[in-house]
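These notes are about the structure you will find just below.
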Amino acid sequence: GYVCAIRAAQLGFRTACVEKRGTLGGTCLNVGCIPSKALLQSSHHYHMAAHEFANHGIKVDGLSVDLAAMMARKDKVVSGLTKGIEGLFKKNKVTYVVGAATLAGNGQVVVGDKTLSAKHIILATGSEVTPLPGVTIDEKRVVSSTGALALPEVPKHLVVIGAGVIGLELGSVYKRLGAQVTVVEFLDKALPFFDGEVSKQSQRLLEKQGLKFKLSTKVTGAQVGESGVTLTMEAVNGGAAETMEADYVLVAIGRRPYTEGLGLEAAGVALSPRGFVTIDGHFQTSAPGIYAIGDVVGGAMLAHKAEEEGVAIAEILAGQAGHVNYDAIPSVVYTWPEIAAVGLTEEAAKAKGLTVKVGKFPFMANSRARANEDSDGFVKLIADARTDEVLGCHIIGPAAGDLIAEVVLGMEYKAAAEDIARWRADWAEFMKQERVMFDRKSKNGPKPTNLRALVAEATLKNDGSVSLVLDWSTDYMSPQALVLAVNAPITPLAAHLLK
Ligand code: NAD
């Protein structure tokens, strides 16, 4: 919503954004992605210090966790960012209205005792936690992701219901901090919506870190006592009921659209049978002048997908060609190793009747991963066997969330698998040559570090080689130009672009 409001204001609309939380940024910033990532980073540092530093020859004595300090840092990250959005609203002249909005028909929105009138109304109310019958969330012992981001202590035994993104991320946080963590999942695998091989490998690697998985199991009830919770559960395909004790339970079985109190019915905004606001290809709801974006319309429940939609609708309303490419929206699970995906899984591509070829490469065979002591996982690329077009990429491994960006960019430009492979090879080749020249220059001087190079110019020569002009610099040297000939073959597409 805030991204949409800012874009609309930038495009010349007089814009107001109504928010009842009292802080901007929605679920992602306040009680979702950002606080999770803050805790994932802190707990990762602790895990590294406790278990990995020794491998690198670093000794740590007297290591301990100060959970209150960890939580305070997370809160500071969140408050800094929400205030940043308030600043962006001011800068872009978006009016921030604090309160709960109800649609009143005829382009009117009621917020407390105020009524706003608008030509265009955009709903971006997001989603809320899906409740689990028999398991009441009290945000104390039985928590949703919101409560799990602010536990007062590291649990002795945390039971997570749902082996999806939230379950594995927050389960990882508390496992790293010393909790015993059991993940109970209804289906027969963790991360069931990810590529099959990735899902299997993620479970294996998390089990290696100590998480326990109880698959094909449904939780039927939770009894909260003084110091913990007794869960009852049974196998999905029948079997005797069993109980499990936990001091905290995290319910993470998905999210559902949030439309409570919006007055949709009176305004004539139709919902799907599952409660999502229905829209056409241009975000238009069934009520003229009312549009909807983000989790409330369904699709991938990801903040960056919602932001794309927010920008697109603002541009469409301004008469521009706003567009979202739903085939190239990445998703990242911030466990360690990270898991990242874009496009079709192998299973989905085959189910669509496409003939695919699959390339897979393990991090075990990658020198940098080995040097970093981070060699678990693989990259899996799915391409159309007929056209070589990249259809999807699935990575489990170090920095997967960063690596996927290159494939997303490739997919935006309809890259072939060969384009991606050659780009890599050419880059490596060029870096090798560059290195030789570099070392020669630095023979008698201090050893330069942190080489940065930008291609300023590229020219295709008649003999098929490429001449590059690089702007390069290091910590010790100011920017300089370097002309370099690269003789590696290039793809027909690259040759065409260079011409
Ligand atoms: P999810 O859909 O990722 O996972 C829910 C899991 O719960 C699934 O594995 C499902 O099979 C299981 N489940 C459903 N009902 C169950 C039951 N009764 N008993 C046991 N298991 C059950 O949902 P989530 O983890 O709650 O996350 C919610 C949304 O937030 C997702 O759409 C997710 O993509 C998004 N999110 C994204 C990120 C990220 O991008 N890094 C992080 C957190 C959340």
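Counting starts at 1 for both ligands and their atoms, in listed order.
Using a 30° and 60° split on the angle between ring planes, W336 and H44 fall in the tilted class, from 30° to 60°. Using a 30° and 60° split on the angle between ring planes, H51 and H47 fall in the tilted class, from 30° to 60°.
Within ligand 1, the atoms closer than 4.0 Å to a non-hydrogen atom of M301 are 32 (O), 34 (O), 35 (C), numbered from 1 in the order shown. Of all atoms in ligand 1, numbered sequentially from 1 with element shown, those under 4.0 Å from a heavy atom of K37 are 41 (N). When each atom of ligand 1 is checked for a heavy atom of L132 under 4.0 Å away, the hits are 18 (N).
Of the listed options V129, L40, I166, I166 places a heavy atom closest to atom 43 (C) of ligand 1. When A252, A340, G299, A163 are ranked by how near their heavy atoms come to atom 5 (C) of ligand 1, first place goes to A252. Of the candidates I253, I339, V165, L187, V165 brings a heavy atom nearest to atom 37 (C) of ligand 1.
Polar contact check, E169 against ligand 1: a nitrogen or oxygen pair lies under 3.5 Å apart. Considering both main-chain and side-chain atoms, E185 comes within under 3.5 Å of ligand 1 through a nitrogen or oxygen pair. Taking distance alone, with nitrogen or oxygen atoms compared against 3.5 Å, L302 stays at or beyond that limit from ligand 1. In terms of N/O distances under 3.5 Å, ligand 1 is not approached by V333. Checking only distances, G254 does come within under 3.5 Å of ligand 1, N or O to N or O. Residue I161 places no N or O, backbone or side chain, under 3.5 Å from any N or O of ligand 1.
For atom 39 (C) of ligand 1, the nearest protein heavy atom (residue, atom name, distance) is V332 O, 3.4 Å. Nearest protein neighbour of atom 4 (O) of ligand 1, counting heavy atoms only, is G164 CA, 3.2 Å. The protein heavy-atom contact nearest to atom 2 (O) of ligand 1 is F193 CE1, 3.7 Å. The protein non-hydrogen atom at the shortest distance from atom 21 (N) of ligand 1 is F186 N, 3.2 Å. At the shortest separation from atom 30 (O) of ligand 1 among protein heavy atoms lies R255 CD, 3.9 Å.
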**OP:** Given salt bridge (Lys or Arg N to Asp or Glu O under 4.0 Å), test K360 with E346 step by step and report yes or no.
**Re:** CA-CA 12 Å; K360 222 175 112 184; E346 188 179 350; over 6 Å; no
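No side-chain donor-acceptor contact under 3.5 Å links T278 and S272. Counting only N and O atoms by type, the side chains of E309 and Y326 include a donor and acceptor under 3.5 Å apart.
D195 pairs with exactly one of K380, H394, K200, Q201 by the side-chain hydrogen bond (donor to acceptor under 3.5 Å, both in side chains) rule, that one being K380.
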